[in-house]
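The structure appears below as structure tokens.
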Amino acid sequence: MSTLITPAQFAAKMLSFYDKQGRKDLPWQQNPTAYRVWVSEIMLQQTQVKTVIPYYQKFMQRFKNIETLAAADVDEVLHHWQGLGYYSRARNLHKCAQTVVDKWQGHFPDSLEDMESLPGIGRSTAGAILSLAKGKSSPILDGNVKRVLARVFMVEGWYGKASVAKTLWELTEKYTPKKRTGNFNQAMMDLGASLCSRTKPGCEQCPLSSGCLAHLNGQTDVYPHKKPKKEIPIRFATMRLVQNKSGQIQLVKRPPSGIWGGLWSLPEIETDDSHQLVDEFKHTFTHFHLRITVVNAEQFQGVEDNPQLAWHNISNLDDLAFPTPIKKFLYKHFNLS
Ligand code: SF4
């Protein structure tokens, strides 16, 4: 791979970009303890900054420190996560808090290896916490950084592939400076989230433009290479909506693992034609589409002895954590706001 930019030049350009344009007023940048940075990093996985901010602020008001989070009920943590999606992140967050409190007396460890051993913390998240909160010189490789590097160095292949990820890790290790690593990492994330956007990057204003191979070759729309297309299957689920004489609805708490683990939902049933259709909607997961049919079902089939079933007042739905499409359906159906 031919390159036009040395690690020292790369770092100098990015640090100057940080000084002039880097974000310095995000909530987790104020008093950036390992706890505060960690929560932000987990929320920011698969979610954009502007969506995360209000969730982050509410979360921090309730769970002020790692001890409070570790001592909380996982249901309450999931409730605060409601709407952010990818709920395994919240369950791992809770598990990780308990591990740090039990094993590390409430302090995140200082080494990359120990950090990576914690639930829900991969190499890039570990690098972010170590560099942003602890001043260590650990590189990162989140989605934004991958895009910038794939373009600057015209890295071939889709970065979900192990060999491509390995190349990108080698690049981030080589180009991340040992000093001011936190500022450099922040600058890379900021560049990826602003100028080096997925479509129509603003190369004219970019500090790396004179050394960016994709830009110089007019190939910014080709890099990073896209994921090879694969059709994802459709699965079907039928759920029943049933109210008792007091107007309560029956809900089921889903098992802790699997999709929507630990969240409340409508009970699933085997369907037949005797049920009256209430609504139909689709939700897309990473690996499949789920087409959900909600029916009015008086006949209880196959779920009566489920100890996770419970009746709930419609006015109390706000206290429960639901998957987004189920919440949307219930609120629409019962005219709740
Ligand atoms: S020059 Fe353009 S493509 Fe290259 S890093 Fe900058 S914004 Fe991204």
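Both backbone and side-chain heavy atoms feed into the values below; hydrogens, waters and symmetry mates do not. Indexing begins at 1, ligand by ligand and atom by atom, following the structure's order.
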Taking side chain as C-beta onward, heavy atoms only, is Leu241 less than 4.5 Å from Val295? no
ring-ring contact (aromatic ring centres under 6.0 Å, His included) pairs touching residues 88-113, sequence neighbours excluded, are Trp38-Phe108
Ionic contact status for Arg240 with Glu268, cut-off 4.0 Å: no
Self-check item: Of all pairs that satisfy side-chain hydrogen bond (donor to acceptor under 3.5 Å, both in side chains), the ones with a partner from residues 108-121, not counting sequence neighbours
Solution: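 Every pair satisfying side-chain hydrogen bond (donor to acceptor under 3.5 Å, both in side chains) with a residue in residues 108-121: Asp110-Lys134, Ser111-Asp114.
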**Item:** Pair listing, side-chain hydrogen bond (donor to acceptor under 3.5 Å, both in side chains) test, anchored in residues 155-164, at least two apart
**Value:**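 Qualifying pairs, neighbours excluded: Glu156-Tyr223.
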TODO: Check each of Phe63, Tyr55, Tyr87 against His80 using the ring-ring contact (aromatic ring centres under 6.0 Å, His included) test, and report the only one that passes.
DONE: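 Exactly one pass, corresponding to Phe63.
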Near atom 8 (Fe) of ligand 1, protein N/O/S count under 2.8 Å comes to 1
